[in-house]
Enquirer: 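Please see the structure below; I have some questions.
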Amino acid sequence: MIIEAAMQLFSEKGFHGVSIDDIVQEVGVSPALLYQHFKSKEELYEAVQHRFACRREEYLDVVHQAGDDLEEVLRNMTHIFVRKMSRHPSILKMELHSLLDGSDASQEFFENRWKNFVDFIDYVIEEKTNEEEAVSINSQIAGLMFQGMIREALITKCLQKDDRFADKTIDQLVDELVTMFLAVLNMGSNQGQS
């Protein structure tokens, strides 16, 4: 109950905009009780992040199932992430606030949200470069491109009142974006296009 209330407050006001008093008032507990569970606002913020974050184990299952098919791994990892974010759009709002907050807890949140993807994209580019199948691409720029595409899809489908892609589900939109991204890396099979 504390974590859910804190998530809602952090998503509305950002890390700096929420005080411990705000949280205890929302939950209806004393500050002493809150501090029994969380030593600081930073610790509570981190608990919210961890509660709703995709775990590496979820991604590892996808990697094991897909085997050597790097396209399928990236596509399935993205679907896991997007479905979780779609169920909890407040986490997406927290991420957007974290870009503006500048606190250490906020910065860690933002960096860790996308780390699995950045690491995997770096791996894919290195593998393809070693096989001399892909054009020379800076993996950091590729990771930024991927983050931007997926974040914008989530914002469009989960936060905006006017969904300019109302004719597509979030899964369809993500499939098309992943297909386009992989085409840039010169490694896609065009399976997600409709």
Side-chain angles (χ1 to χ4, degrees), residues 1-65 73-123 140 143-144 146-161 163 169-171 174:
M1 186 164 146
I2 293 172
I3 289 178
E4 288 81 3
M7 176 183 66
Q8 193 60 41
L9 288 170
F10 287 135
S11 75
E12 291 169 7
K13 300 177 181 180
F15 180 79
H16 293 301
V18 176
S19 68
I20 291 296
D21 289 339
D22 294 332
I23 296 166
V24 296
Q25 184 178 7
E26 182 71 24
V27 178
V29 298
S30 70
L33 181 62
L34 182 71
Y35 284 119
Q36 284 179 357
H37 296 283
F38 306 99
K39 295 178 181 147
S40 65
K41 183 170 79 167
E42 289 82 3
E43 188 177 297
L44 177 56
Y45 191 84
E46 289 173 15
V48 171
Q49 294 174 41
H50 294 297
R51 173 82 172 274
F52 297 101
C54 291
R55 309 244 186 285
R56 277 199 185 270
E57 296 79 30
E58 294 174 84
Y59 295 133
L60 288 176
D61 290 342
V62 167
V63 171
H64 292 306
Q65 291 168 3
V73 172
L74 183 61
R75 191 175 301 281
N76 291 337
M77 282 175 60
T78 306
H79 281 294
I80 289 169
F81 179 78
V82 165
R83 287 176 186 144
K84 193 151 203 171
M85 293 291 277
S86 295
R87 285 192 303 269
H88 303 287
S90 292
I91 293 296
L92 181 58
K93 288 180 182 179
M94 278 181 65
E95 179 180 311
L96 296 173
H97 275 292
S98 77
L99 290 169
L100 303 173
D101 281 343
S103 71
D104 290 342
S106 296
Q107 188 61 34
E108 183 180 326
F109 176 58
F110 181 70
E111 289 172 3
N112 289 334
R113 251 15 240 146
W114 295 97
K115 183 165 179 27
N116 292 313
F117 292 105
V118 172
D119 290 348
F120 185 74
I121 289 166
D122 187 50
Y123 169 76
Q140 289 181 324
L144 182 64
F146 186 81
Q147 290 174 30
M149 290 184 332
I150 301 305
R151 185 181 300 111
E152 189 63 28
L154 284 163
I155 290 169
T156 298
K157 297 302 270 181
C158 300
L159 300 181
Q160 291 180 340
K161 290 185 170 104
D163 179 358
T169 66
I170 187 73
D171 284 336
V174 164

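Below, each value reflects all heavy atoms present in this structure, side chains not excepted, and no hydrogens, waters or symmetry copies.
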Enquirer: Would you confirm whether Lys39, through its side chain, and Leu44, through its main-chain N or O, come within 3.5 Å as a donor-acceptor pair?
Expert: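 Looks like no, no N/O pair under 3.5 Å.
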Enquirer: In Å and rounded to the nearest 0.5 Å, what is the CE to CG distance from Met85 to Leu92?
Expert: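 One gets 4.5 Å once the value is rounded to the nearest 0.5 Å.
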Enquirer: In Å, rounded to the nearest 0.5 Å, how long is the span from CG of Leu96 to CG of Leu154?
Expert: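 If I round to the nearest 0.5 Å, the distance is 9.5 Å.
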Enquirer: Where do Met77 and Asn116 come nearest, in terms of heavy atoms and distance?
Expert: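 That would be CE-O, 3.8 Å.
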Enquirer: Between Ile20 and Tyr35, is there a side-chain heavy-atom distance shorter than 4.5 Å?
Expert: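 Counting from C-beta outward, Tyr35 and Ile20 do come under 4.5 Å.
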Enquirer: Taking only residues two or more places apart in sequence, or in another chain, which ones meet Asp171 in a side chain to side chain donor-acceptor pair (under 3.5 Å)?
Expert: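 Asp171 satisfies side chain to side chain donor-acceptor pair (under 3.5 Å) with His79, Arg83 only.
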Enquirer: Would you say the side chain of Phe146 lies within less than 4.5 Å of the side chain of Thr78, judging by non-hydrogen atoms?
Expert: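 Thr78 vs Phe146: side chains touch.
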Enquirer: Heavy-atom distance under 4.5 Å between the side chains of Phe15 and Lys41, does that happen here?
Expert: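 They are in contact (side-chain heavy atoms under 4.5 Å apart), so the answer is yes.
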Enquirer: Which residue pairs satisfy the salt bridge (Lys or Arg N to Asp or Glu O under 4.0 Å) criterion with at least one member in residues 8-33, sequence neighbours excluded?
Expert: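 Found none.
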Enquirer: What's the spacing between Asp122 CG and Gln140 CD if we round to 0.5 Å?
Expert: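 The CD atom of Gln140 is 8.0 Å from CG of Asp122, to the nearest 0.5 Å.
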Enquirer: What do the steps show when you test His97 against Phe10 for side-chain contact (heavy atoms from CB on, under 4.5 Å), and what is the final call?
Expert: CA-CA 8 Å; His97 275 292; Phe10 287 135; over 6 Å; no
Enquirer: Taking all heavy atoms of Ala6 and all of Ile23, pick out the closest pair and write down the distance.
Expert: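 Minimum heavy-atom separation between Ala6 and Ile23: CB-CD1, 4.4 Å.
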Enquirer: Quick one: list whatever passes side chain to side chain donor-acceptor pair (under 3.5 Å) with Ser11, sequence neighbours left out.
Expert: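 For Ser11, no residue satisfies side chain to side chain donor-acceptor pair (under 3.5 Å) once neighbours in sequence are set aside.
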Enquirer: Does Glu4 use its side chain to pair, donor to acceptor, with the backbone of Met1 at less than 3.5 Å?
Expert: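 Answer holds: yes.
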Enquirer: Quick one: CD1 on Ile91 to OG on Ser98, what's the gap to the nearest 0.5 Å?
Expert: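 Atom-to-atom, Ile91:CD1 and Ser98:OG are 10.5 Å apart.
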Enquirer: Under 4.5 Å between any side-chain heavy atoms of Ser30 and Val24, yes or no?
Expert: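 A side-chain contact is absent here, since even the closest heavy-atom pair is not under 4.5 Å.
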Enquirer: Hey, could you give me the CG/CZ distance between Leu159 and Arg151, rounded to the nearest 0.5 Å?
Expert: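 Those atoms lie 11.5 Å apart.
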Enquirer: Check for me whether the distance between the ring centres of Phe81 and Phe117 falls short of 6.0 Å.
Expert: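 Yes, ring centres under 6.0 Å apart.
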Enquirer: Measuring only between side-chain heavy atoms, which start at C-beta, is Thr156 closer than 4.5 Å to Ile170?
Expert: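 The answer is no; the side chains never approach within 4.5 Å.
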Enquirer: Within the structure provided, determine whether Ile3 and Phe38 are in side-chain contact (heavy-atom separation under 4.5 Å).
Expert: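 Counting from C-beta outward, Ile3 and Phe38 do come under 4.5 Å.
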Enquirer: Nearest 0.5 angstrom please: His88 NE2 to Arg51 CZ, how far?
Expert: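 If I round to the nearest 0.5 Å, the distance is 8.5 Å.
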Enquirer: Step by step, work out the side-chain contact (heavy atoms from CB on, under 4.5 Å) result for Tyr45 and Met94.
Expert: CA-CA 10 Å; Tyr45 191 84; Met94 278 181 65; 3.5 Å; yes
Enquirer: Got Val174 and Thr169 here, is their nearest side-chain heavy-atom distance under 4.5 Å?
Expert: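 No - every pair of side-chain heavy atoms lies 4.5 Å or more apart.
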